[in-house]
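Scroll down for the structure; my scribbles are underneath it.
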Amino acid sequence: MVTPREQWQQAFDASPTRDADFHTMSGVPLAPVYGPAEGEHPGVYPFTRGPYASMYRSKLWTMRMFAGFGTADDTNRRFKEIIRSGGDGLSTAFDMPTLLGLDSDDEMSLGEVGRCGVAIDTLADMEDLYAGIDLGAITTSMTINSPAAPILAMFVAQAEKAGTPRARLGGTLQNDILKEYQAQKEFVFPPRQSMRLVRDTIRFTAAEMPRWHSISISGYHIREAGSTAAEELAFTLANGFAYVELAMAAGLPIDTFAPRLSFFFNAHIDFFEEIAKYRAARRIWARWLRERYGAVAERSLQLRFHTQTAGVSLTAQQPEVNIVRTAIEALAGVLGGTQSLHTNSMDEAMALPTEASARLALRTQQVIAYETNVAHVADPLGGSWFVESLTDEMERQAEEIFAHLEELGGGSLLEGCIKGIEDNWFQGRIADSAFELERKMNRGERIVVGVNRFTDGNDSVGMDLLEITNADEQRQLQRLGAVRADRSQAGVDAVLARLATEAADPEVNLMPCLVDAANAYVSLGEIMRTLGGVFGRYVEVPVI
Amino acid sequence: MAGERILVGKVGLDGHDRGVKVVARILRDAGYEVIYTGLFQTPATIASAALDEDVDLVGLSMLSGAHLTLAPLVVQELRARGCTAPVVVGGIIPEPHKARLLAAGVAAVLTPGAPADEVERVIREVLDAAR
């Protein structure tokens, strides 16, 4: 019988090692991992201790800073600054109209254009956004959900126009629609119709984009909306199981798409609970994929995730303290074995970050990566009685939630997740947990520095904040007008008519038509309105 | 405060509804009648809901940066319909923007981290001042 240690050793020996000195500051040599030969090991099923045997010995996590504001030109300049500062992955934030599939000149877009992210109306904006950036050499993440399919189509169209074939594009589409209904609330179509678009993107990327992650199954927003750590873990993995069931029902063999699913978790301020959450997530995913869904390929079983520090933990009071919070949260992500990380900037409780504060947030990661030596040893907290016990507890709470959803869905997690949305079950639990945390803060049971304790210094002078003016909105409106005037209206009408026909047939994959629409400079709003005419719109019945 | 009615709403495209729901519960627990509009309202739908529900105060939750455009429009729509209910804005509001919101007719501004007792106190003061 091969021990986990021997399995690990074999995988480790086959992995490259990055150029670094794996000793403590005082010269003590460090092993790549510690623990008994029969115990869990990184890179070995069930992957509790990490997806890869060598973890950060081969490659540090990707320092992926999320950015986007104003017009595509503005964001392109910020992207280039991130690359110059040593960031090695791009992460695109879209503005609210884009997230909801509206054009910048839609009357609902008033005041929102370019505020929370970059405004993308047509292929022309996508061309500006990535101009001069080699998309075959850097990976790109796009935080977009309801309109994920048409945005992916625009991304592919612009890359191919710039000379990079789709097969070479590496990156991630968030494309996690279930958590929109549960938490983030940027939904457009009803859940089942949205899931058809998700299925189409999974099929398309599985067939044509081998380096692309089709979905980033996201707990981040669930946590930001107020859930507990265990709820974040459980809702996210349950959504993951739902996407697996969706793709399997569409006839895709599990090992053709599961390796391209990735995850996105929050790093909140409760340090050890966060680390336990990541460890439990890897173990649960591996076991469910193998035992329930029959996955065999190792990459199907290895849960890989991006982490972002908790925006909701930031305070407007004494904002410099946010640097400290973010550093601690980032460390939890690293000790939990994240594959990529975004660190929030200190000014984000008040505005989008300035370039200087975003650079400082990146520097925080660089201190952790290059000064602290914490990346030398995989899963350094594995074997701690406390962390192992907390990992088991996270897993136990998550399994309880899976059992509830499975019952709700009559044995199907896909149905359970959709039913849980339609019944407001997820939304209600998240709101209850958010309110409970608020009550603890108000009773002083949970201390937040500068908010309910240690408030001296709260009146100090404010810092410089990023201003986004209505001039950006005006520039974007002019740009969209110019594109509309310049394109062939007959071509636009033809491709939209085809899109409506194809949308009405649930068996058709809409992605090829969406790529054609992008190339015809059809706007995102025009595409989404056409789809909405077939799919209908989702209206939430709110609960308080 | 018995019978005092508060409309809390989300105007524009901002889907962040954690804060608005927590504030709605805080105010409900404090004894107000609270009506939540749900997401994606326009200044006009907020104003007509405020009139229909005959509310004493309108609370807007704004975290997407559109406050300088949308909050003054809500005030205008309310006043144009003869509704005098004061408007309170809560959310991600940079300090320099507070004065501009107040100048546009907003009665008070609350920012992230405002504890429940501060929310209750500010709402009480605004309601008392509006009498």
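So you know, we letter chains A, B, ... as the sequences are listed, proteins then strands, and number each from 1.
For the atom pair NZ (A:K185) and CG (B:D17), the distance works out to 3.5 Å, reported to the nearest 0.5 Å. With rounding to the nearest 0.5 angstrom, the CD atom of A:E436 is 10.0 Å from the CZ atom of B:R25. Rounding to the nearest 0.5 Å places CD of A:E224 at 7.5 Å from CZ of B:R18. For the atom pair CD1 of B:I26 and CZ of A:R439, the computed distance is 10.5 Å after rounding to the nearest 0.5 Å. Separation of atoms NE2 (B:H16) and NE2 (A:H221) is listed at 8.0 Å; rounding is to 0.5 Å. Atom-to-atom distance recorded for B:T69:OG1 and A:E112:CD is 8.0 Å, nearest 0.5 angstrom.
Chain B forms more heavy-atom pairs under 4.5 Å with one residue of A:L110, A:N452, A:L465 than with any other, namely A:L110.
Of the atoms belonging to A:L314, not a single heavy atom falls under 4.5 Å from chain B. Only the side chain of A:L100 comes within less than 4.5 Å of a heavy atom in chain B; its backbone stays farther off. Contacts between A:V312 and chain B at a heavy-atom distance below 4.5 Å involve the side chain alone, from C-beta outward. Using a 4.5 Å cut-off between heavy atoms, A:D432 contacts chain B through both its backbone and its side chain. Only the side chain of B:A24 comes within contact range of chain A, with at least one heavy atom under 4.5 Å from a heavy atom of that chain. Of the two parts of A:E107, neither the backbone nor the side chain holds a non-hydrogen atom closer than 4.5 Å to a non-hydrogen atom of chain B. For a residue to count as touching a neighbouring chain, one of its non-hydrogen atoms must lie under 4.5 Å from one of that chain's; by this rule B:D14 touches chain A with backbone and side chain alike. Interface residue B:T42: only side-chain heavy atoms are found under 4.5 Å from chain A. Of the atoms belonging to A:Q184, it is backbone heavy atoms, and not side-chain ones, that fall under 4.5 Å from chain B. For B:H67, no part lies under 4.5 angstrom from a heavy atom of chain A. Looking at A:N442, only its side chain comes within 4.5 Å of chain B, counting heavy atoms on both sides. For A:E180, no part lies under 4.5 angstrom from a heavy atom of chain B. The contact between A:L102 and chain B is made entirely by side chain atoms (from C-beta outward), counting heavy-atom distances below 4.5 Å.
Residue-level contacts of residues 72-92 of chain B with chain A, in order of numbering, are B:L73, B:I92; threshold 4.5 Å between heavy atoms.
Between A:G111 and B:A66, the closest heavy-atom pair is O-CB, 3.3 Å. Residues B:S64 and A:C116 come closest through the heavy atom pair O-SG, 3.2 Å. In terms of heavy-atom proximity, B:V22 sits nearest to A:F435 at O-CE1, 4.0 Å. A pairwise comparison of heavy atoms in A:A431 and B:K21 identifies CB-CD, 4.2 Å as the closest pair.
Side-chain atoms of A:E540 do not come within 3.5 Å of backbone N or O of B:G38 as any donor-acceptor pair.
The closest side-chain heavy-atom distance from A:R115 to B:L13 is not below 4.5 Å. Looking at heavy atoms from C-beta onward, B:L39 lies out of side-chain contact with A:P542 at the 4.5 angstrom threshold.
B:D128 CG: more than 12 foreign heavy atoms inside a 6.0 Å radius. Summarising the local packing, CZ of A:R537 is surrounded by more than 12 heavy atoms from other residues, nucleotides or ligands at distances under 6.0 Å. In the displayed structure, B:D52 atom CG is contacted under 6.0 Å by more than 12 heavy atoms of other residues, nucleotides or ligands.
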